[in-house]
Enquirer: 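Got a structure here, written out as structure tokens. Questions coming.
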Amino acid sequence: MRGKDLGIAIVGSGRMGELRGHIAMTHPAVQFVACSDIDAGRAKSVAEKIGASFHSGNNMDVIARPEVNAVIISSIDDAHIEPVLQAIELGKPV
């Protein structure tokens with residue numbers, strides 16, 4: 001992954017989203033991380049904890065960021081389809 005600047009959107013800021021965000025932040029190719037959650041306060045809390053660059057209570061806000069070129073879905077299982085389709089529509093790997 002050398003030389004590749006990754007921008008990661010983490011959709012869902014629960015336990016797994018926080019873990020995946022922390023892992024992303026420690027990878028040398030990752031230059032940008034954004035967190036979202038239906039609970040905007042939770043997204044903000046996780047973003048502050050892991051040092052993410054951006055957070056929102058709206059999934060599309062993080063998926064559509066120009067810095068984002070990959071999306072990790074960490075929301076509850078029955079909430080996956082909408083952000084997956086949004087990422088695909090924008091041509092971003094999920």
Side-chain angles (χ1 to χ4, degrees):
M1 306 274 350
R2 223 172 214 186
K4 175 97 170 143
D5 291 337
L6 292 176
I8 307 291
I10 307 287
V11 174
S13 295
R15 184 175 50 89
M16 289 308 298
E18 183 176 335
L19 174 64
R20 291 173 175 148
H22 175 72
I23 291 167
M25 289 295 295
T26 63
H27 193 284
V30 174
Q31 304 300 313
F32 180 88
V33 173
C35 301
S36 69
D37 197 273
I38 194 166
D39 177 347
R42 178 74 183 147
K44 179 181 180 186
S45 174
V46 169
E48 289 172 350
K49 233 185 243 186
I50 67 170
S53 302
F54 182 78
H55 62 84
S56 177
N58 181 310
N59 294 335
M60 194 60 170
D61 287 350
V62 299
I63 294 169
R65 291 287 300 206
E67 303 92 341
V68 169
N69 52 25
V71 179
I72 297 173
I73 308 297
S74 293
S75 60
I76 59 173
D77 292 344
D78 63 348
H80 284 187
I81 195 157
E82 185 178 359
V84 167
L85 293 174
Q86 290 171 337
I88 290 169
E89 285 178 15
L90 293 174
K92 298 184 181 190
V94 182

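On a predicted model such as this, the values are computed, not experimentally measured, just so you know. For this chain, numbers begin at 1 and follow the sequence in order.
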Enquirer: At their closest point, which heavy atom of Ala47 faces which heavy atom of His55, and how far apart are they?
Expert: CB-CB, 3.7 Å
Enquirer: Is it possible for you to say whether Leu90 and Ile72 belong to one hydrophobic cluster, with membership spreading through side-chain heavy-atom contacts below 4.5 Å?
Expert: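 Different clusters.
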Enquirer: If you take all heavy atoms of Val62 and Cys35, which pair is closest and at what distance?
Expert: CG1-O, 3.5 Å
Enquirer: Same hydrophobic cluster for Met16 and Val11, using side-chain heavy-atom links shorter than 4.5 Å among ILVMFWY?
Expert: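 As far as the 4.5 Å side-chain criterion goes, Val11 and Met16 are not connected within one cluster.
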Enquirer: Would a 4.5 Å heavy-atom cut-off, applied to side chains only, mark Val46 and Asp37 as touching?
Expert: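 Not touching, per the 4.5 Å side-chain cut-off.
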Enquirer: Taking all atoms of both residues into account, what is the closest heavy-atom pair of Leu6 and Asn69, and its distance?
Expert: CA-OD1, 3.6 Å
Enquirer: Would you kindly check if the NZ (Lys) or CZ (Arg) of Arg65 is within the cone defined by 45 degrees around the ring axis of Phe32 and under 6.0 Å from the six-membered ring centre?
Expert: no
Enquirer: With side chains defined as the heavy atoms from C-beta onward, is the minimum distance between Val84 and Ile73 less than 4.5 Å?
Expert: yes
Enquirer: When you look at CD of Gln31, are more than 12 heavy atoms from neighbouring residues, nucleotides or ligands closer to it than 6.0 Å?
Expert: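 Yes, CD of Gln31 has more than 12 neighbouring heavy atoms, counting only those of other groups under 6.0 Å.
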Enquirer: With a 4.5 Å heavy-atom cut-off, do Asn59 and Glu82 have their side chains touching?
Expert: no
Enquirer: Does His22, at its NE2 atom, have more than 12 non-hydrogen atoms belonging to other residues, nucleotides or ligands within less than 6.0 Å?
Expert: no
Enquirer: Got Glu18 and Arg42 here, is their nearest side-chain heavy-atom distance under 4.5 Å?
Expert: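 In contact.
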Enquirer: If every non-hydrogen atom of Ser74 is compared with every non-hydrogen atom of Arg20, which pair is closest and at what distance?
Expert: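 Closest heavy-atom pair between Ser74 and Arg20: OG-NH1, 2.9 Å.
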Enquirer: Is the number of heavy atoms from other residues, nucleotides or ligands under 6.0 Å of Lys44 NZ greater than 12?
Expert: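 For Lys44, atom NZ is not crowded (no more than 12 foreign heavy atoms under 6.0 Å).
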Enquirer: Locate the shortest heavy-atom distance separating Ala87 from Val94; write the atom from each residue and the value.
Expert: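 The pair with the smallest heavy-atom distance is CB-CG2, 3.4 Å.
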Enquirer: Are Ile63 and Phe54 in one and the same hydrophobic cluster, where Ile, Leu, Val, Met, Phe, Trp and Tyr link if side-chain heavy atoms are under 4.5 Å apart?
Expert: yes
Enquirer: Can you tell me how far the CE atom of Met60 sits from the OG atom of Ser36, to the nearest 0.5 Å?
Expert: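 Result: 11.5 Å between the selected atoms.
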Enquirer: What are the two closest heavy atoms between Asn58 and Ser56, and how far apart are they?
Expert: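 So the minimum-distance heavy-atom pair works out to N-OG, 2.9 Å.
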